[in-house]
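Step one of this worksheet: look at the structure below.
Keep in mind it's a predicted model, so treat the numbers as computed, not measured.
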Amino acid sequence: MADTNIDGTQRIFISEVQGHQARYRKLIKFTHSSTKAAGFMLLAAVVALVVANTGAYEAFLGFWHTEVGLFFGGSFAGMSLAHVINDIFMAVFFLLVGLEVKYELTVGELTNIRQALLPIMAAVGGVIAPIVIYLLFNAANPGTAHGWGVPTATDIAFALGILALLGNRVPSGVRVFLSTLAVADDIIAILVIAIFYGHSPSLFWLGAAASVLVALVLMNRIHIYSLVPYLLVGGVLWYCVFMSGVHSTIAGVLLAFVIPSGSRVNLKSFTAWSGDKVREAHDAFQPETPVIAQGDYIETVSSLSRVARQVVPPATRLEHRLYPWVYFGILPLFALTNADVGFAGMDVGAMLTDPVLYGVMLGLLLGKPLGIMLMSFAIVKSKLASLPENVNWFHMLGASILGGVGFTMAIFVANLAFTDETHVATAKLGILAASLLAGVLGFVFLLLQAKAAQRRGVAYLSASGDDVARQTAGDEATRDAEELLRDIESPALKSEVEAAKKRGGVFEIVVDLGEGGLLEGGSIGDVREALREEVVRVLSEEGEDELLKKVQREFEEHEDEPPLTGVEEVLRQSGDEERLRDALRREGEDVTGMSGGFEEAGKPDGSDGSAGSKSDR
């Protein structure tokens, strides 16, 4: 791209800070990675399990039960560190969840009811079936029957983190289905916690909470767009909900829904105004004068900066800021303090025969995929909705199995559902076992589908139009796609991707060479033709006639250049050198060559070093 270096740093910055910018971008990329976040939580859970079964466990528990708070004269207001994490920090997590739910309801997948019906009803099925399985084991036991809510919740971060490992090897529809299902699942889990797992509510504090919520709604209605007042009043809301007996994390969700998702800036006027300001800055700039002495230039740029910051909606700004803190701080801390299943002093035999273990484990491992698949099948067969584009029932089964990863939410509900520590530990054991098995099985199942697609010559290239790295964004898959698209980038194709980003949602190109793929007689030129046909189809459906003409012209002008240099690597990996030579010979008839001609490209050892390299445009 013209405004960036190869490493992604923006050329607008002076050369002395290019290294700092590159490191900053890497940090941002790291802290907005679903897989890295899931890895951090997994590491914290493993540490908690190890410590819980060593001599350090008593000191570990003692540390998390340390009281922290404030002194007011002779009185003290505080709580243990563990309660700070579970009651305060997790309210921040629910605030982020609420922001994501609000996004999906406002402009995301939940706005189109027909499109959202499949994952929403699948989420309902994925809640009902685990409840049934849990109660089959525990309905007759009054001491454990109340735990039916434990196996109903999918851990959105872990499930999508596992799916992100597959990148663009699965259709974007799988990612959209699972993320929307997880959001709907979160909504159900929030309702379950609020209705069934609070204490006897205090009417006084519920009234106080309602009054504060009304004040927040009024702030929204009178167009207050600063985040600070919402966060301060939100703190009061949290305290009222905490004192009411309803679980305090619900305050985070309520706060999310009153934070404005619009902009205080008139966007139609902003374009013209900002253009004038840029021209003013250009005229005021004096290249030979130190910037600190250019008062007019600084004032103009500062004015532009102040307004430009306010273009971004408060809900979006807050979501950007919360994501790394929640997924690399709060959730790992929650795992560290709540995944501590200690077997020392426990009757392991009793745990292994406890119906809670099997109700929770089988509810997640079998109930979740069974409920999701049965409800999905019923919805599709009744023609109320259809499968996402390019998604088959095997993809759906893999995503349904990942729905059984119930780590964070399930542990959270277990702490609320049981008062007996043995039942809590047993439920945690069932959650950890089921989540591990569901994660591995779901990943392997989808990986097998990805391998089958690769053998058929199918590739999925998708890009997201949303730069907020929410759980549902498929951010890593988008980055992978952009890397692949660089190999086939032309000005017209780049324009189409940018246009798709402006529309929002997901842009996907599917290259399908048929069941035989390249290995059954196709040439590299077939890839170009398949890609051209797919781009033409997408543009035609979008009504982009002018862009369509440009794309067709680009393909004609660059017909001697390969669209995907990585295809050669696919052929090499097949291990059939004869077919590789045949395909490259056919390629020679279509274009001038993938990497300098047949003699070099056909070397069995790949010594030309061109496999997988980018085209030199």
| task | Calculate, to the nearest 0.5 Å, the distance between atoms CD and CZ belonging to Glu100 and Phe94 respectively. | result | 12.0 Å

| side chain to side chain donor-acceptor pair (under 3.5 Å) assessment of Arg23 paired with His20 | CA-CA 5 Å; Arg23 287 188 288 273; His20 302 314; 2.7 Å; yes

| task | Let me see the working for Val170 and Leu163 under side chain to side chain contact (heavy atoms under 4.5 Å, CB included), right down to the final yes or no. | result | CA-CA 9 Å; Val170 294; Leu163 187 60; 4.3 Å; yes

| query | Is there a donor-acceptor pair under 3.5 Å between the side chain of Ser302 and the backbone N or O of Glu299? | reply | no

| Roughly how far, to the nearest 0.5 Å, is CD1 of Ile224 from CZ of Arg264? | 9.5 Å

| query | How close do Leu331 and Met41 get, heavy atom to heavy atom, and via which atoms? | reply | CB-SD, 3.4 Å

| field | Gln310 side-chain N/O to Val265 backbone N/O, donor-acceptor pair under 3.5 Å | value | no

| request: Taking side chain to side chain contact (heavy atoms under 4.5 Å, CB included) as the test, write out the residues that go with Val92, two or more places apart. | output: Leu322, Val326, Ile330

| query | Just wondering, do Pro260 and Tyr230 contact through their side chains at under 4.5 Å, heavy atoms? | reply | yes

| field | Proximity of Phe93 and Phe89 rings by center, below 6.0 Å | value | no

| Any donor-acceptor pair under 3.5 Å linking the side chain of Ser248 with the backbone of Asp87? | yes

| message | Can you give me the closest heavy-atom contact between Ala335 and Ala45, atom names plus distance? | response | CB-N, 4.1 Å

| query | So with a 6.0 Å cut-off around CD1 of Ile222, is the heavy-atom count from everything else above 12? | reply | yes

| request: Answer yes or no: is there a donor N or O on one side and an acceptor on the other, between the side chain of Ser263 and the main chain of Val311, under 3.5 Å? | output: yes

| field | Inter-residue atom distance Leu255.CG - Leu213.CG, 0.5 Å rounding | value | 9.5 Å

| message | Suppose we call two aromatic rings close when their centres sit under 6.0 Å apart. Are Tyr239 and Trp205 close by that rule? | response | yes

| message | If the condition is side chain to side chain contact (heavy atoms under 4.5 Å, CB included), which residues does Ser305 pass it with, not counting sequence neighbours? | response | Arg309

| Under 3.5 Å, side chain of Glu319 to main-chain N/O of Leu96, donor-acceptor pair present? | no

| Residue list, side chain to side chain contact (heavy atoms under 4.5 Å, CB included) with Ser211, at least two apart or on another chain | none

| Can you check side chain to side chain contact (heavy atoms under 4.5 Å, CB included) on Asn338 and Asn86, steps first, answer last? | CA-CA 9 Å; Asn338 289 276; Asn86 290 341; 3.1 Å; yes

| Side chain proximity check, Pro388 to Val174, heavy atoms < 4.5 angstrom | no

| Within 6.0 angstrom of Phe285 CZ, more than 12 heavy atoms from elsewhere | yes

| Parallel, tilted or perpendicular, as decided by the 30° and 60° cut-offs, for the rings of Phe412 and Phe334 | tilted

| query | What is the distance from atom NE2 of His395 to atom CG of Leu178, rounded to the nearest 0.5 Å? | reply | 13.0 Å

| request: Return the orientation label for the Phe242 and Trp238 ring planes: parallel under 30°, perpendicular over 60°, tilted otherwise. | output: parallel

| task | Please report the shortest heavy-atom distance between Ser80 and His83, naming the atom on each side. | result | OG-ND1, 2.8 Å

| query | For Asp185, which residues count as a salt bridge (charged side-chain N to carboxylate O under 4.0 Å, His left out) partner, sequence neighbours excluded? | reply | Lys368

| task | List in chain and number order the residues that pass side chain to side chain contact (heavy atoms under 4.5 Å, CB included) with Val214, two or more places apart in sequence or in another chain; answer none if no residue qualifies. | result | Leu218

| Flag, side chain of Ser274 to backbone of Thr271, donor-acceptor distance under 3.5 Å | yes

| Do the non-hydrogen side-chain atoms of Tyr323 and Arg321 ever get within less than 4.5 Å of each other? | no

| field | Nearest heavy atoms of Val258 and Val217, plus distance in Å | value | CG1-CG2, 3.9 Å

| query | Can you tell me how far OH of Tyr297 sits from OG1 of Thr300, rounded to the nearest 0.5 angstrom? | reply | 9.0 Å

| message | With a 3.5 Å distance limit and no angle check, can you tell me whether Lys102 reaches the backbone of Ile259 through a side-chain donor-acceptor pair? | response | yes

| query | Is there side-chain contact between Asn266 and Phe270, with heavy atoms separated by less than 4.5 Å? | reply | no

| message | Testing the basics here: between Ala159 and Thr154, what is the closest heavy-atom pair and its distance to 0.1 Å? | response | CB-CG2, 4.2 Å

| request: Please report the shortest heavy-atom distance between Ala44 and Leu336, naming the atom on each side. | output: O-CD1, 3.6 Å

| request: Would you mind reporting whether Ile188 and Val124 have side-chain heavy atoms less than 4.5 Å apart? | output: yes

| said: What I'd like to find out is whether the side chain of Tyr327 reaches to under 4.5 Å of the side chain of Lys36, using heavy atoms alone. | reply: no

| field | Atom pair CG (Leu99) and OG (Ser261), whose distance is rounded to the nearest 0.5 Å | value | 9.5 Å

| said: Show me the pairs that pass salt bridge (Lys or Arg N to Asp or Glu O under 4.0 Å) and involve residues 278-298, at least two apart or across chains. | reply: Asp276-Arg279, Lys277-Glu280

| Side chain proximity check, Leu318 to Leu95, heavy atoms < 4.5 angstrom | yes

| query | If only atom types and distance count, is the side chain of Thr316 paired as donor or acceptor with the main-chain N or O of Val312 below 3.5 Å? | reply | no

